There are 2 protein chains.
Amino acid sequence: MKKRISIKTIAQEVGISNATVSLVLNDKDKEGRVSREMAEKIRKVAKDLNYEPNHLARGLRMGKSQTIGLIVADISNPFFANLAFHIQEYAEKFGYSVIITNTNESDAKLVKILDVLIGHQVDGLIIVPTEHGKPAIEELVKKDFPLVLLDRWYPELQTCYVVIDNYQASKTAVQHLINKKCKRIALFGYTIDLPHMQERKRGYVDTVKKAGLFDENLIKDINYISIDADIKTALDDLFFNEKNEKPDGIFFATNSIALHGLRYMFERGVKVSKDVKAICFDKSDAFDLMESPVPCVLQPIPEMGKLAVDVLINQIVKGTVIPSKVELFAKLSTEE
Amino acid sequence: MKKRISIKTIAQEVGISNATVSLVLNDKDKEGRVSREMAEKIRKVAKDLNYEPNHLARGLRMGKSQTIGLIVADISNPFFANLAFHIQEYAEKFGYSVIITNTNESDAKLVKILDVLIGHQVDGLIIVPTEHGKPAIEELVKKDFPLVLLDRWYPELQTCYVVIDNYQASKTAVQHLINKKCKRIALFGYTIDLPHMQERKRGYVDTVKKAGLFDENLIKDINYISIDADIKTALDDLFFNEKNEKPDGIFFATNSIALHGLRYMFERGVKVSKDVKAICFDKSDAFDLMESPVPCVLQPIPEMGKLAVDVLINQIVKGTVIPSKVELFAKLSTEE
DNA sequence: AAAGAATAATTAATCGTTTAACCAAATATT
DNA sequence: AATATTTGGTTAAACGATTAATTATTCTTT
């Protein structure tokens, strides 16, 4: 493989010093540092040789890499994939590249990824944290490392967050079912011990209680490790256990739970919308194609991504971190 | 922000030279280069200080970054998101990080991304090429830059490819509809002028011709720029134009076309499976939840990703490129 | 006892870029 | 004419890690 073109190559070609080439290529040739003709000559040669600056060398020298690390729970999940898409598009506008990584909800993997990304000298991190990732992230926070947590947060950790108002969103969703005359509304949520999920549950509980419809048996916890089995068990209990009165509404607290749940209900012949109304978090392509579309809570994904980038870059350039929690609002797909 | 820990920090802490620290941390302390106690001491301090090697410095010195660049058409498309997922997981096993980027099918963006990634000193590239990206990629190929094209290919460019047998897959899909007694099978494909799409079309044409079912009016070309409008026009023409005999089968050559198409058909009350049978490329969550599931061509996504990584890393470590086209086989979701 | 080998460390150059500090010549100012 | 300023560059150090070459000990071997 041919050697890459460096500043030195250009300097030799033109018969001049490295420094001058660097000045020109960084547009620091104004203020009478380099003559017009020389600057033009250098630019021409650089273009002819198809010169691309060595990011590693520049990053090393400058102490920053113009790269940000993005850590999501699973890139193959459309919610995170969309988030990643918008983050990348937007970060690029500011000259930042994005390295996207997955934790698969594993705390151990988060720690490892953190090391790898720090090693890559990323200038900052956008993190969708894992359930017990707090210690690792807290260490970075202590060092004032630029980062912003996205989608989820740790209650007692003072840092930057971009999240949505899960409580409100959840209330709106459940209220929607109540408005549709549902009397027995089930909740399907993850067991994950992070406040975004707790907030969704709290929104559910408060809303059904207020309507006098609370029934503990209607709350089903799903472990994402055994998602398929847990959902089947829960649905079987709700719909095919003679002892129980069937629900007439289900609130799925995440998209993945909804998809698995709907699939199983379909398999078992439970008709969504007819037998039981459903609503869930986050849109899926699937919902448009069902016999009757499932309404959902729409998170403002592009805005979340952009805001995360804004908050992060602000930290990076200012060199200082002012902890803040930015909360956006979700809305129902049926609204407006 | 606190300064990052470097080898020098450790060296000073232990009261020793940089070189020794480096040797130990790279496990080159065997063969009597460093004493046992010293090595242990260094390792301990490194761990205590939570040292992470500076990737930039190492990459600069070593002339390689242990990073590979992945260029896909759209990370928010589940097909590519899954591919990205598997590529990342697998590359990690070999100690490579992956930078994921999007072209959004734009040739200009491909050129730009290529520059950015080369600047990042990626050791190699996995590329889902754009329609007219050949010149840019050809230049890299001429320089023997390690790369592998994925999913799509350029007929006259000799380099490394990992693709599926689109012709065969397409034939299988269309044959499935024929087996289901379809007599008027429509094709919905993209106008993109790349052989993977041409092969899918050829598979369709050959198969319907062989069955004596060919009718040019059933071939619909969709431009991804105006995908929504084009699909509506095409479907309107097929189903609501009095002059035409309606189709009883549709082969969607991509997932995105299928989703848009199915949605519009749903909207217009065309019953899939009852009025018209459908089959398409790549699985979507949506298909499981429809009144009657849509069968699809399943590409071996994990294998494609792994193979691409294998082929690429092989080039990188061998330092030489042997052009090759690896073809995998897709199968129907209804098979086996 | 002298030479050779093994052990255990250090020195210094290098990767490509940036940039503060410096220098020389031409031009302007007093 | 002497001095100051502008113009147009160059030098050399630095970023952090790697590694070939070197040095200084200690231990074997004859």
Side-chain angles (χ1 to χ4, degrees), chain A residues 1-43 46 49-67 95 118-123, chain B residues 1-43 46 49-67 95 118-123:
Chain A
M1 203 180 75
K2 271 181 211 153
K3 234 187 65 193
R4 280 161 165 153
I5 308 291
S6 77
I7 274 192
K8 201 189 246 169
T9 326
I10 300 175
Q12 281 167 350
E13 183 77 12
V14 183
I16 212 170
S17 79
N18 291 357
T20 310
V21 176
S22 175
L23 288 175
V24 171
L25 263 28
N26 287 292
D27 292 324
K28 294 198 174 128
D29 54 335
K30 318 295 166 196
E31 320 132 31
R33 313 272 285 118
V34 183
S35 71
R36 181 98 60 89
E37 315 94 71
M38 183 56 71
E40 270 169 24
K41 200 166 174 183
I42 290 171
R43 267 186 252 272
L49 293 178
N50 206 1
Y51 168 75
E52 277 298 318
N54 183 322
H55 211 269
L56 300 180
R58 173 182 283 170
L60 176 59
R61 169 63 220 242
M62 308 268 281
K64 55 185 181 170
S65 61
Q66 291 290 106
T67 304
I118 300 287
H120 265 278
Q121 306 299 113
V122 294
D123 296 337
Chain B
M1 203 181 75
K2 272 180 211 152
K3 233 188 64 193
R4 282 163 165 151
I5 308 290
S6 76
I7 272 193
K8 200 188 244 168
T9 325
I10 299 175
Q12 281 166 351
E13 182 79 13
V14 182
I16 212 169
S17 79
N18 293 356
T20 311
V21 177
S22 175
L23 287 175
V24 171
L25 264 28
N26 286 291
D27 293 324
K28 298 203 172 123
D29 54 335
K30 316 297 168 194
E31 321 132 30
R33 314 272 284 119
V34 183
S35 71
R36 182 98 60 89
E37 314 93 74
M38 184 54 73
E40 270 170 23
K41 201 166 175 183
I42 290 171
R43 268 186 251 272
L49 293 178
N50 205 2
Y51 167 75
E52 276 299 319
N54 183 322
H55 211 271
L56 265 34
R58 174 182 282 170
L60 177 59
R61 169 64 223 242
M62 309 268 280
K64 53 185 184 171
S65 60
Q66 290 291 108
T67 304
I118 299 288
H120 265 278
Q121 307 299 113
V122 295
D123 296 338

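Quantities reported herein were computed from a predicted structural model and do not represent experimental measurements.
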Would you mind reading off the distance between [X] atom [atom1] and [N] atom [atom2], rounded to a whole angstrom?
X: B:Arg36; N: D:dT26; atom1: CZ; atom2: P; result: 20 Å
X: A:Ile10; N: C:dT17; atom1: CD1; atom2: P; result: 8 Å
X: B:Lys8; N: C:dA12; atom1: NZ; atom2: C1'; result: 14 Å
X: A:Lys28; N: C:dA20; atom1: NZ; atom2: C1'; result: 12 Å
X: A:Lys64; N: C:dG16; atom1: NZ; atom2: P; result: 22 Å
X: A:Gln66; N: D:dC15; atom1: CD; atom2: P; result: 20 Å
X: A:Ile16; N: D:dT10; atom1: CD1; atom2: C1'; result: 10 Å
X: B:Met62; N: C:dG16; atom1: CE; atom2: C1'; result: 16 Å

Subject >> Quiz item: A:Arg33 side-chain donor-acceptor pair to D:dG9 base, under 3.5 Å >> reply: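 Yes.
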**OP:** Examine the base of D:dT18 for any acceptor or donor lying under 3.5 Å from a partner atom in the side chain of B:Arg58, and report the outcome as yes or no.
**Re:**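 In this structure, the two groups form no donor-acceptor pair.
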Closest nucleotide among [options] to the [X] side chain:
X: A:Leu60; options: C:dT17, D:dT18, D:dC15; result: D:dC15
X: A:Pro53; options: D:dT18, C:dT17, D:dT11; result: C:dT17
X: B:Ala19; options: D:dT10, C:dA9, D:dT19; result: D:dT19
X: B:Arg61; options: C:dT17, D:dT10, C:dA13; result: C:dA13

**OP:** Drop me the distance from B:Thr9's OG1 to B:Asn18's CG, to the nearest 0.5 angstrom.
**Re:**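 Between B:Thr9 OG1 and B:Asn18 CG, I get 9.0 Å after rounding to 0.5 Å.
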**OP:** Output the distance between atom CD (A:Glu40) and atom CD1 (A:Ile42), rounded to the nearest 0.5 Å.
**Re:**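 If I round to the nearest 0.5 Å, the distance is 11.0 Å.
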**OP:** Please lay out, stage by stage, how B:Arg4 and A:Gln121 fare under the test side-chain contact (heavy atoms from CB on, under 4.5 Å).
**Re:** CA-CA 9 Å; B:Arg4 282 163 165 151; A:Gln121 306 299 113; 3.2 Å; yes
Subject >> B:His55 side chain vs B:Ser65 backbone, donor-acceptor pair below 3.5 Å >> reply: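 Yes, because the side chain of B:His55 sits within donor-acceptor range (under 3.5 Å) of the backbone of B:Ser65.
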**OP:** Compare side-chain N and O positions of B:Asn18 against OP1 and OP2 of D:dA17 and report whether any pair is under 4.0 Å apart.
**Re:**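 Checking D:dA17 against B:Asn18, no side-chain N or O comes under 4.0 Å of OP1 or OP2.
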Subject >> Residue met sooner reading DNA chain C from 5', once A:Glu52 and B:Leu23 are mapped to nucleotides >> reply: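 In this pair, the answer is B:Leu23.
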**OP:** Could you tell me which non-hydrogen atom of A:Leu25 sits nearest to which non-hydrogen atom of A:Ala46, and how far apart they are?
**Re:**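 Smallest interatomic distance, heavy atoms only, reads CD1-CB, 4.2 Å.
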**OP:** Indicate, with a heavy-atom threshold strictly under 4.0 Å, whether B:Ser35 touches base, sugar-phosphate, or nothing.
**Re:**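 Sugar-phosphate contact only - B:Ser35 comes under 4.0 Å of backbone atoms but never of a base.
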Subject >> Sugar-phosphate, base or nothing in reach of A:Ser6, heavy atoms under 4.0 Å >> reply: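 The residue A:Ser6 makes sugar-phosphate contact but no base contact.
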**OP:** Please figure out whether B:Asn54 or A:Val34 has its closest DNA chain D nucleotide nearer the 5' end.
**Re:**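 Of the two residues, A:Val34 wins.
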